[in-house]
Structure formats: structure tokens, C-alpha cells
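Comments concern the structure below.
Numbers for residues simply follow the sequence, beginning at 1.
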Amino acid sequence: MHDISQYQDFFISYLKNQNISKEPKNLYEPIEYILGLGGKRMRPVLTLMAAEVFDTDYTTALPAAMAVEVFHNFSLVHDDIMDDAPLRRGKVTVHEKWNINTGILSGDAMLILAYQYFEQYEPAIFRDLAKLFSKTALEVCEGQQWDVDFEERSNVTIPEYLKMIEYKTAVLVAAAMKMGAIVAKTTEKEADLIYDFGLNLGLAFQLQDDYLDAFGDPETFGKQVGGDIIENKKTYLYLKALEFSSPDQAVQLQNLFHLQLEDNTAKIQTAKAIFNESGASKVTQEAIEMYTLKAFETLEKMTISEEKKEILKTFGENLMGRTV
């Protein structure tokens, strides 16, 4: 197996060799733009890693990895429109650089393009990849809808929130890993175990994303810090702050999360202070660690070498300590 940076290099090299530039330019240039913005390439890297975990050369998994990355970026283009987000990975979002209609249409094209990459596999593998992909894509949409619904609700529970982030984020991380297993033609049991590993890692990743949205460094995070607070999103941080804060603080926080302001500086600062004072920040970090360790427990059930388990553990530990 290779290290993470090597898998990233392998994937980026493959990505750069894709001939996406076609007519009409206003459909395909936004696709090239979003795919070229960088990012960690976490999901395609996991697909390549999973293939090699099960003794198959990473090159076999490159088309599946590309499908995962194209789908992920499709969802980001549409999410940014829904959130009216100005930045993605530190750069102007697609709908801001072009317009909303272009963002919608280019996103639609990306979803179809993602499926086309599976056509490079034999029928049985194509079937299993497409079946998993369809299930995952629908779950991502369901998770996104719950995320939107929660903005209008004041009674969101922790279990509801965890289910939402499982569908919106974690299932794609899990599917990315299982796709590598499918390409490698491993057993159903092993494929399901690596899916569970990815699912728990995905939950930890999204909770870390929630935390960094409030407390990350704008220079390294690449997105607008405090965006969830501005959008009044009922994140794990928010829900735990309501649970642990004093009655007065809870009311103050609830009132804050009904405001739509021109200048959100004071709103962000006040919310972050309540997150810290209530202990919600600490509890969120503990939850990130819990889901990461849960992922590691799944590894122990797998019949792979200790060396491969350590590589996957290192990946999880790096995610837990990330700043971007």
C-alpha cells in the first residue's frame, strides 16, 4: 500500500487527464472549475485505499474514485446554492462566479457524469457499484432535506441530527470505501465492515466540520467561518449548548438563531462564547473522538494485515486532528 499523499497524487494525476472540457463551455467550465479547486480528495483516496486493502491495484479503482469525487462536488455546487455560500475551498463558489442557473445545470450534468465512470467496469461490478451509488445518492438528498427542514424547527433532537449527518455526509464516505472493496471483489462481509468503518469515520468528519465551522482558522478552513451560525443551523454544537447552558443562555442562543442580520460579527462571537461556556465545544470534540475510535473497533473485525489496519487508523487520526 501507499501513503495518503501518494494516493492523492495518483488521483489528481488521473483527474487532470480527464477530458471534461467540451461544448457548451458554460456547462462544462464550471465542472472543471469545481473539480480543480483542490480539497483533501478524502473520498476518492478512500476508494483507492480500500481496493489495495483487499489486494487489488489502486489503478483498478480510479474510475470508481472519480465517480465518487464528481458526485461529491456535484452535491457541493447545489449545497452552495441552497446555502447562498460565497466561498468554497477559499475560492468563489460556482453560482457566484457564473450564476444560479448555470450552477444547477452543471451540477445536474455532474451527477450523470459520475454514473458514466462505472461503465468502465464489467457488468457484475457495474451493477454492484451503481446499486450502492443510487442508494447513497438518495440518502445524501434525504440528509440535505433534513438539514434544510431543521433550520425551521426549534425542537431538533440529537438523534435526529446524527441521522441527518449520517445521510448527508457519512454514507458517501462509507460508500467510497465499499466501492473500493467491490472493485477488489472481496467478500460481502469484508465490504460491509469497511462500509461501517467509513460510516463512523464520516460521522466523526462531519462533527469535526461543524466544530471547525465555528472555531476553525479562516486561512486554513477554506470556508466562511461561522457560516452555520449565520444560517441558523442546528448543529451538534448548538444542540449540546442548549442542553448544557443555563436557562438564560439557552434563551439567548435560541433568540440568536432566529436572527437574519446584515452584519453577523456579534452574533457569531456570542454564539461561540455560549458554545465554550456551556461545555458544548468540549463535548463535541469528545464525540469526534468517540466515533473515530468506533471506526477503529470495526477494523479489528476485518481479516486484513495489522499493517493495513495501521494505515487506515493513521488516516482516521489525521482526520480527527485536521484544521481544514
Would you mind listing every salt bridge (charged side-chain N to carboxylate O under 4.0 Å, His left out) that reaches into residues 108-117, with sequence neighbours excluded? none
Can you pull out every ring pair (Phe, Tyr, Trp, His ring centres under 6.0 Å) where at least one residue sits in residues 283-304? Sequence neighbours excluded, please. none
Going by the ring pair (Phe, Tyr, Trp, His ring centres under 6.0 Å) test, which pairs reach into residues 256-285, not counting sequence neighbours? Y238-F257
Pairs where residues 3-27 contributes a residue and the test ring pair (Phe, Tyr, Trp, His ring centres under 6.0 Å) is met, not counting sequence neighbours: H2-Y7, H2-F10, F10-Y58
Checking P159 now: which residues fulfil side chain to side chain contact (heavy atoms under 4.5 Å, CB included) with it, not counting sequence neighbours? T157
Set of side chain to side chain contact (heavy atoms under 4.5 Å, CB included) partners for A250, sequence neighbours left out: L242, S245
Residues passing the salt bridge (Lys or Arg N to Asp or Glu O under 4.0 Å) test with K233, sequence neighbours excluded, are D83, D147
Checking E300 now: which residues fulfil salt bridge (Lys or Arg N to Asp or Glu O under 4.0 Å) with it, not counting sequence neighbours? K309, K313
For V173, which residues count as a side chain to side chain contact (heavy atoms under 4.5 Å, CB included) partner, sequence neighbours excluded? M42, R43, L46
My understanding is that only residues two or more places apart in sequence, or in another chain, count here; which of them pass salt bridge (Lys or Arg N to Asp or Glu O under 4.0 Å) with K135? E139
All side chain to side chain contact (heavy atoms under 4.5 Å, CB included) counterparts of I20, not counting sequence neighbours: Q18, Y28, I31, E32, L35, M66
With sequence neighbours left out, what residues match N26 under side chain to side chain donor-acceptor pair (under 3.5 Å)? none
